[in-house]
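Take a look at the structure below.
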Amino acid sequence: MHFKRVLPIGIAIALSIPATAFAAKAIDWTNRVVLSSVGGHLMGNPAAPTKLIEYISYTCSHCAHFVAEGTGPLKSGWVKSGKVSVEIRNAVRDKYDLTAALLARCGGKDKFLGNHEALFANQSAWMTQLIAYDQQQPKPTEEQAALKEIAEKTGLITLMSKRGFTPAQLNTCLADPAAMKTVLAMTQDAWSTQKITGTPSFLINGKLVEAHDWNALKAALPAPAK
């Protein structure tokens, strides 16, 4: 006599599902942003074999061009798969750049990349207002008053308001002593320790590379993920 083995319903259903359905979902590392030990914003796999550091200035037209041309392919071809991590650090050049850098940090790490890309995408508009403002006199001498006026008169408050921030929140970011200390420390490291010669500049696995645009940086990176 032969007996038919009857499996519990739950096990029977599980066995009927293709094994591929249980495969771990691939992580999209472009959605992961953390603060580095120096306060930079690191996008991607912290354990990536290739670690890219970008030193940028928000008043730098070459930086805006790099972000427009290179951000998309860098994310899709290198960061998404976990092959490369990208850390964005400040190399502040002037009081206007400092104002933008402090505003970019508003909202914490989850808002940073959006703020960062918006500042560069709209750079030509607020830089036009900046040039006009720069010719005006007199200007506030007290630091916080000066940063606040710059943000208002160059259109940065208006730009960041479109990203959901209130003027009061933005003024709080401009007056944040910890953020100021972090941005200035990264700036000191960029110009004095790493000895970058301009922005954008890049370090790959701790080594400064001869690249100041997307094409040159792409050539210095490992082959993109298939």
Handout entry: Check: D213 side chain, A216 main-chain N or O, donor-acceptor pair, under 3.5 Å
Key = yes
Handout entry: Any pair counted as salt bridge (Lys or Arg N to Asp or Glu O under 4.0 Å), so long as it reaches residues 39-55, sequence neighbours left out
Key = none
Handout entry: Within-4.5 Å side-chain heavy-atom neighbours: L159 and L103
Key = no
Problem - Taking every non-hydrogen atom, the tightest pair across G164 and Q169 - result: O-OE1, 4.0 Å
Practice task
Could you walk me through whether R32 and I27 pass side-chain contact (heavy atoms from CB on, under 4.5 Å), step by step?
Solution key: CA-CA 9 Å; R32 306 290 183 93; I27 296 173; 3.9 Å; yes
Fill in the blank from the handout: For A48 and S85 the tightest heavy-atom approach is CB-N, 3.5 Å
Practice task
Report yes or no: does W126 contribute a side-chain atom to a donor-acceptor pair with the main-chain N or O of L119 at less than 3.5 Å?
Solution key: yes
Exercise for the section: Please check if the side chain of H212 supplies one atom and the backbone of S201 the other of a donor-acceptor pair under 3.5 Å. Expected result: no
Practice task
Name all pairs fulfilling the salt bridge (Lys or Arg N to Asp or Glu O under 4.0 Å) condition that reach into residues 80-97, sequence neighbours left out, sorted by first residue then second.
Solution key: E87-R89, R89-D189
Problem - Min side-chain heavy-atom separation Y55-L203 under 4.5 Å - result: yes
Handout entry: Ring centres under 6.0 angstrom apart (H65, F120)
Key = no
Problem - Other residues, nucleotides, ligands: >12 heavy atoms within 6.0 Å of K181 NZ - result: no
Handout entry: Close side-chain approach of T30 to L113, heavy-atom, < 4.5 Å
Key = no
Problem - Ring geometry between W214 and W78 (parallel below 30°, tilted from 30 to 60°, perpendicular above 60°) - result: perpendicular
Problem - Shortest non-hydrogen separation from Y58 to A104 and the atoms involved - result: OH-CB, 3.5 Å
Practice task
For E69, look at atom CD and say whether over 12 heavy atoms of other residues, nucleotides or ligands are found less than 6.0 Å away.
Solution key: yes
Handout entry: Side-chain donor/acceptor of K153 to backbone N/O of I150, under 3.5 Å
Key = no
Handout entry: Check against side-chain contact (heavy atoms from CB on, under 4.5 Å), H116 and H41
Key = CA-CA 10 Å; H116 171 79; H41 288 83; over 6 Å; no
Problem - Polar side-chain atom of T187 near backbone of V92 as donor-acceptor pair, under 3.5 Å - result: yes
Report all side-chain donor-acceptor pairs from residues 130-138 shorter than 3.5 Å, counting only partners two or more places apart or in another chain.
| residue | atom | partner | partner atom | Å |
| --- | --- | --- | --- | --- |
| Y133 | OH | E149 | OE2 | 2.6 |
| D134 | OD1 | Y96 | OH | 2.4 |

Problem - Whether D176 side chain and L102 backbone form a donor-acceptor pair below 3.5 Å - result: no
Practice task
Would you name the heavy atoms of I196 and A91 that are closest together and state the gap between them?
Solution key: CD1-CB, 3.8 Å
Practice task
Search all heavy atoms of I56 against all heavy atoms of T199 and return the closest pair with its distance.
Solution key: C-CG2, 4.2 Å
Problem - Least distance between heavy atoms, T197 atom then W191 atom - result: C-CZ3, 4.0 Å
